[in-house]
Number of protein chains: 2
Amino acid sequence: MPEAPPPAPTGDELLKVLSALGNPHRMRIVAALMESRNYVSALARLIGMGRPLLHMHLQRLEAAGLVAGTLEVAEDGKTVKYFDVTPFFYELTPRVVAQAAATITDTTETDRTAGRSAKEEAK
Amino acid sequence: MPEAPPPAPTGDELLKVLSALGNPHRMRIVAALMESRNYVSALARLIGMGRPLLHMHLQRLEAAGLVAGTLEVAEDGKTVKYFDVTPFFYELTPRVVAQAAATITDTTETDRTAGRSAKEEAK
DNA sequence: GATATGTGTCAGGAATCTTTGACAGGTGAC
DNA sequence: GTCACCTGTCAAAGATTCCTGACACATATC
């Protein structure tokens, strides 16, 4: 019965994941890495993209925990950084979104003046 | 046996959904609409946001099929637009992402020059 | 009429993301 | 040393997104 209970992701976590995956290039990168792990230079010319750009996208994906990079040393001494996709799993429904929204660490939290019940406002 | 088979979203569809949900304000909007449907003006002051801005976010969410708006006429004759969240459900895993990535209608599809096996490139 | 509420849109600036080209290392092979 | 690979970073330009303050238009109430 290893029945995994619905894991409730943190607002910030889900936010990073969604914004990371909400980009055509990043989606394609994940797709390419699904077929086979690869290192950045090879992957760059495989999907026809500049290395600095790919580097940035990979960074974004890694920050979201969707891919993992390991700096390895090939047999010939060359230093190479391989990337693999991590077996992530997120369930996207109104409930988990609402739940996540409640735990967002908005950096723009400049006003702590709040106080209105926000209930009578609805009418 | 109403076992729902894993629905494979289109690349463009998933892209719209993810980029729509990958925004703190939009997540909060969904959360607010989960508690109770509401019309844009009331919702605007409920979550403390300008109407034009809210309008734009709602539009984005509706375009992604995450919320639905209906223009109703209240008993007193006022025209009001109510929004409800649609019961969406997406499964986010490497596989569905890779699958979706394959069906992306990239508007930047300028080069059909491809042809390399993209296999020997990996080495 | 004037006021208050609702709807929507538009133009322009602010903030952010994306993209590119150049640079600075490192190692192995000729 | 020189060449061919790999790694990473930086600054500046380009393209999007986000946000705000008007504006126009309806209806009901005073």
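Computed from a prediction, not measured in an experiment: that's the story for all the values here. Keep in mind that the numbers below use all heavy atoms, side chains included, and drop hydrogens, waters and symmetry copies. Proteins get letters first, then strands, A, B, ... in listed order; numbering begins at 1 in each.
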Original post:
Can you check whether B/Asn23 has a side-chain N or O nearer than 4.0 Å to OP1 or OP2 of D/dC18?
Top reply: yes
Original post:
Does the pair A/Glu72/A/Lys78 count as a salt bridge with the N-to-O cut at 4.0 Å?
Top reply: no
Original post:
Rounded to the Å, how far apart are A/Asp76 CG and C/dA29 P?
Top reply: 7 Å
Original post:
Which nucleotide in the list C/dT27, C/dG6, C/dT18 gets nearest to the side chain of B/Val80?
Top reply: C/dG6
Original post:
What integer distance in Å separates A/Leu46:CG from D/dC6:P?
Top reply: 13 Å
**OP:** Report the distance from atom CG of B/Leu61 to atom P of D/dT17, rounded to the nearest whole Å.
**Re:** 14 Å
Original post:
So, is A/Tyr39 close to the D/dT7 phosphate, meaning a side-chain N or O under 4.0 Å from OP1 or OP2?
Top reply: no
Original post:
In terms of side-chain heavy atoms of B/Arg26, which of C/dG6, D/dC5, D/dC18 is nearest?
Top reply: D/dC18
**OP:** Decide side-chain contact (heavy atoms from CB on, under 4.5 Å) for B/Asp84 and B/Val67; before the verdict, give the C-alpha distance in whole Å, the side-chain angles of both, and the deciding distance to 0.1 Å.
**Re:** CA-CA 6 Å; B/Asp84 301 83; B/Val67 304; over 6 Å; no
Subject >> side-chain N/O A/Ser41 vs D/dC5 OP1/OP2, d < 4.0 Å >> reply: no
Original post:
Atom CG of A/Leu43 and atom P of D/dG8: how far apart are they, to the nearest Å?
Top reply: 13 Å
Original post:
With nearest nucleotides of DNA chain C determined for A/Gly77 and A/Ser19 from heavy-atom distances, which residue corresponds to the more 5′ nucleotide?
Top reply: A/Ser19
Subject >> Touch class at under 4.0 angstrom, heavy-atom based, for B/Lys78 against every strand present >> reply: base
Original post:
Looking across every strand, which nucleic acid part, if any, lies under 4.0 Å from B/Thr79 by heavy atom: base, sugar-phosphate, or nothing?
Top reply: sugar-phosphate
Subject >> Whole-Å distance separating the CG atom of A/Leu71 from the C1' atom of C/dG25 >> reply: 14 Å
Subject >> Any B/His57 side-chain heavy atom under 4.5 Å of B/Asn23 side chain >> reply: yes
**OP:** Output, in order, the C-alpha distance, side-chain angles, deciding distance and verdict of side-chain contact (heavy atoms from CB on, under 4.5 Å) for A/Leu43 and A/Tyr82.
**Re:** CA-CA 10 Å; A/Leu43 183 57; A/Tyr82 272 92; over 6 Å; no
Original post:
With side chains defined as the heavy atoms from C-beta onward, is the minimum distance between B/Thr70 and B/Arg37 less than 4.5 Å?
Top reply: yes
**OP:** Using whole Å, report how far CD of B/Glu62 lies from C1' of C/dT7.
**Re:** 14 Å
Original post:
Quick one: B/Arg60 CZ to D/dC19 C1', roughly how many Å, whole number?
Top reply: 14 Å
Subject >> Note, B/Thr10 side chain near B/Ile104 side chain (heavy atom, < 4.5 Å) >> reply: no
Subject >> For atom CE of A/Met27 and atom P of C/dT18, their distance in whole Å >> reply: 14 Å
Subject >> Interface with DNA chain D, restricted to residues 47-59 of chain B and to heavy atoms under 4.0 Å >> reply: B/Pro52, B/Leu53, B/Met56, B/His57
**OP:** Please tell me if the side chains of A/Arg28 and A/Ile47 come closer than 4.5 Å, counting only heavy atoms from C-beta onward.
**Re:** no
